[in-house]
Amino acid sequence: MKILKKWANISIFAGTKYLSLHSSQFIELLYQWHAAIERHLPWKVDTNPYKIWISEIILQQTRVEQGTPYYLRFIERFPDVNSLAAAEEQEVLKLWEGLGYYSRARNLHAAAKQIVDQFSGEIPSDHRLILSLKGIGPYTAAAIASFAFGGVHAVVDGNVIRVLSRIFGITEAVDTTGGIKQINQLASQLIDRQDPGRYNQAIMDFGAIQCLPKNPICLDCPFVKSCFAYKNDMIEQLPFKAKTLTKKSRFFHYFIIENAGAVLLGRREKQDIWKGLFEFPMIESQGPDLDKTTIFMFLKDEFGINTAIGAPYIKTELKKHLLTHREIHAFVYKFEEKFELNSKSGTYFFVPNENLGNFAFPKLLHSIVQELMHIQH
DNA sequence: AAGCCGGGGAT
DNA sequence: ATCCCAGGCTT
């Protein structure tokens, strides 16, 4: 169910149809501000396109503080394109474990192979070619092109959307193609063609430090005199988003099936949450309850475990796992009895408990995995 | 165009 | 509890 936010009628205030600031004025004010504030981040020390690429992917929808340790570990293990391309996907995912949005890791790995195969192991400098790489969209292509190669391509991320929509009064919803098109046009008009990298860095820093999502620091903002949102008292309303996200509940039931110091594991292959990561045999249900018949039918069908009928187990509930648009309720069923597989399962396999550390798991399962690894057999 | 993908921190 | 984070892919 989509619900328009209550201030949806702000569109009656027409946004500026022309620039309230010319590009040169905007750039001058921006650089003046930037000179005093500039952030110093590990990946800003050079223009190595590989390092810029990795950092940009890691920082997609991810805060600097959260991504930095992952970046440092990633660069240490995979210092260049070739080392990344030569790795097993499982190891790349293991390095990504806990960071979320795992398609980033899978696409990063695929793109490394792409670069080796198609571009002799060198990240292309052409914007169009950069954009052809897996996991690289408009934002990341512009970032790499400008930061690494000096290409004149304006970055448009959450920061830029916020800054431009407020200063220049873009009142059309920024989560629609029309709104984002306006932002893109504006961004490409404003960019410093002499030093696009510096400009892109500065405007994102400005959004991250001064023009904050909540309680922006308008008092000493260099743009306050010409800012549309400030003048019209619309700081809280811009950027305007038309869509609201709905939080859905999902119920996961995990079965800990052990034998001889090993535990059954499977890899999530479907186009769904945590694709590519490992987990224990599981059933998803519509609600928190799962009847015993369903459990034992699953064990029998999946593993041919006849002896499991009526086998006692201990059911525990994990802490509610909260995501942006999901609320995951997870239950763990631990069987005392040792099972032997009567028929081979295509999707699950036994892994010695002490080897669980080699597999990437969703954060949700970390506590269970830790527990299993430390059991003495 | 809409829905989906994770986890964490700020408010 | 809600929003948002150096977005992009699939349907």
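Letters A, B, ... mirror the listed sequences (proteins, then strands); counts begin at 1.
The interatomic distance linking Lys270(A) (NZ) with dC4(B) (P) rounds to 15 Å, in whole Å. Straight-line distance from the NZ atom of Lys275(A) to the C1' atom of dC9(C): 10 Å, rounded to whole Å. At whole-Å resolution of the value, CZ in Phe206(A) and P in dA6(C) are 14 Å apart. Atom CG of Leu59(A) and atom C1' of dG7(C) are 12 Å apart (whole Å). Computed from coordinates, the Lys247(A) NZ to dT2(C) P distance equals 8 Å when rounded to whole Å. Here the C1' atom of nucleotide dA6(C) and the CD1 atom of Ile58(A) are 12 Å apart, to the nearest Å. Per the geometry, NZ belonging to Lys241(A) stands 17 Å off P belonging to dA1(B), to the nearest Å. Between the NZ atom of Lys243(A) and the P atom of dG3(B) there is a distance of 8 Å, rounded to whole Å.
Counting any heavy atom pair closer than 4.0 Å across all strands shown, Asn200(A) reaches no nucleic acid atom. As judged by a 4.0 angstrom heavy-atom cut-off over every strand, Arg268(A) is placed among residues making no nucleic acid contact.
Each of dC4(B), dA6(C), dT10(C) was ranked by its minimum atom distance to the side chain of Arg326(A); first place goes to dC4(B). When distances run from any side-chain atom of Asp157(A) to the nucleotides dG7(C), dC4(B), dG8(C), the shortest one goes to dG7(C). Residue Gln60(A) has its side chain nearest to dG7(C) when only dC4(C), dA2(B), dG7(C) are considered.
Along DNA chain C, the nucleotide nearest to Ile136(A) and the one nearest to Phe147(A) differ in position, and the one closer to the 5' end is contacted by Phe147(A). The nearest heavy atom of DNA chain B to Gly178(A) and to Ser103(A) marks one nucleotide each, and the one closer to the 5' end goes with Gly178(A).
Proximity of Arg106(A) to the phosphate of dG8(C): no side-chain N or O atom is located under 4.0 Å from OP1 or OP2. Applying the 4.0 Å criterion to OP1 and OP2 of dG8(C), one finds that Thr140(A) has a side-chain N or O inside that range. One finds a side-chain N or O of Arg162(A) lying less than 4.0 angstrom from the OP1 or OP2 phosphate oxygen of dC5(C). At dG6(B), none of the side-chain N or O atoms of His325(A) fall inside 4.0 Å of OP1 or OP2 (strictly under the cut-off).
The hydrophobic cluster containing Leu365(A) also contains Phe349(A), counting ILVMFWY residues as joined when their side-chain heavy atoms lie under 4.5 angstrom apart, directly or transitively.
Side-chain contact annotation: Asp220(A) with Gln210(A), donor-acceptor N/O pair under 3.5 Å present. One side chain, Tyr139(A) or Glu56(A), offers a donor N or O that lies under 3.5 Å from an acceptor on the other. Side chains of Gln90(A) and Lys94(A): no donor on one and acceptor on the other come within 3.5 Å. Side-chain N/O atoms of Ser23(A) and Gln189(A) include no donor and acceptor closer than 3.5 Å. A donor atom on one side chain and an acceptor atom on the other are not found under 3.5 Å apart for Ser146(A) and Arg198(A).
For dC4(C) and dC5(B), the C1' atoms lie 15 Å apart once the distance is rounded to whole Å. One P atom belongs to dA6(C), the other to dT11(B), and the distance between them is 14 Å to the nearest Å. Rounded to a whole angstrom, the distance from the P atom of dG6(B) to that of dT10(C) is 13 Å.
Counting only residues at least two apart or in different chains, salt bridge (charged side-chain N to carboxylate O under 4.0 Å, His left out) contacts with residues 282-295 of chain A comprise Arg250(A)-Glu284(A).
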Taking only N/O atoms, report every protein-nucleotides 7-11 of chain B pair under 3.5 Å with atom names and distance.
unit_1 : atom_1 : unit_2    : atom_2 : d
dG7(B) : OP1    : Tyr102(A) : OH     : 3.1
dG7(B) : OP1    : Lys363(A) : N      : 3.0
dG7(B) : OP2    : Trp274(A) : NE1    : 3.3
dG7(B) : OP2    : His321(A) : NE2    : 2.5
dG7(B) : O6     : Thr324(A) : OG1    : 2.2
dG8(B) : OP1    : Lys363(A) : NZ     : 3.1
dG8(B) : N2     : Arg63(A)  : NE     : 3.1
dG8(B) : N2     : Arg63(A)  : NH2    : 3.0

Leu164(A) and Ile203(A): CA distance, side-chain angles, deciding distance, side chain to side chain contact (heavy atoms under 4.5 Å, CB included) verdict: CA-CA 9 Å; Leu164(A) 296 187; Ile203(A) 192 169; 3.9 Å; yes
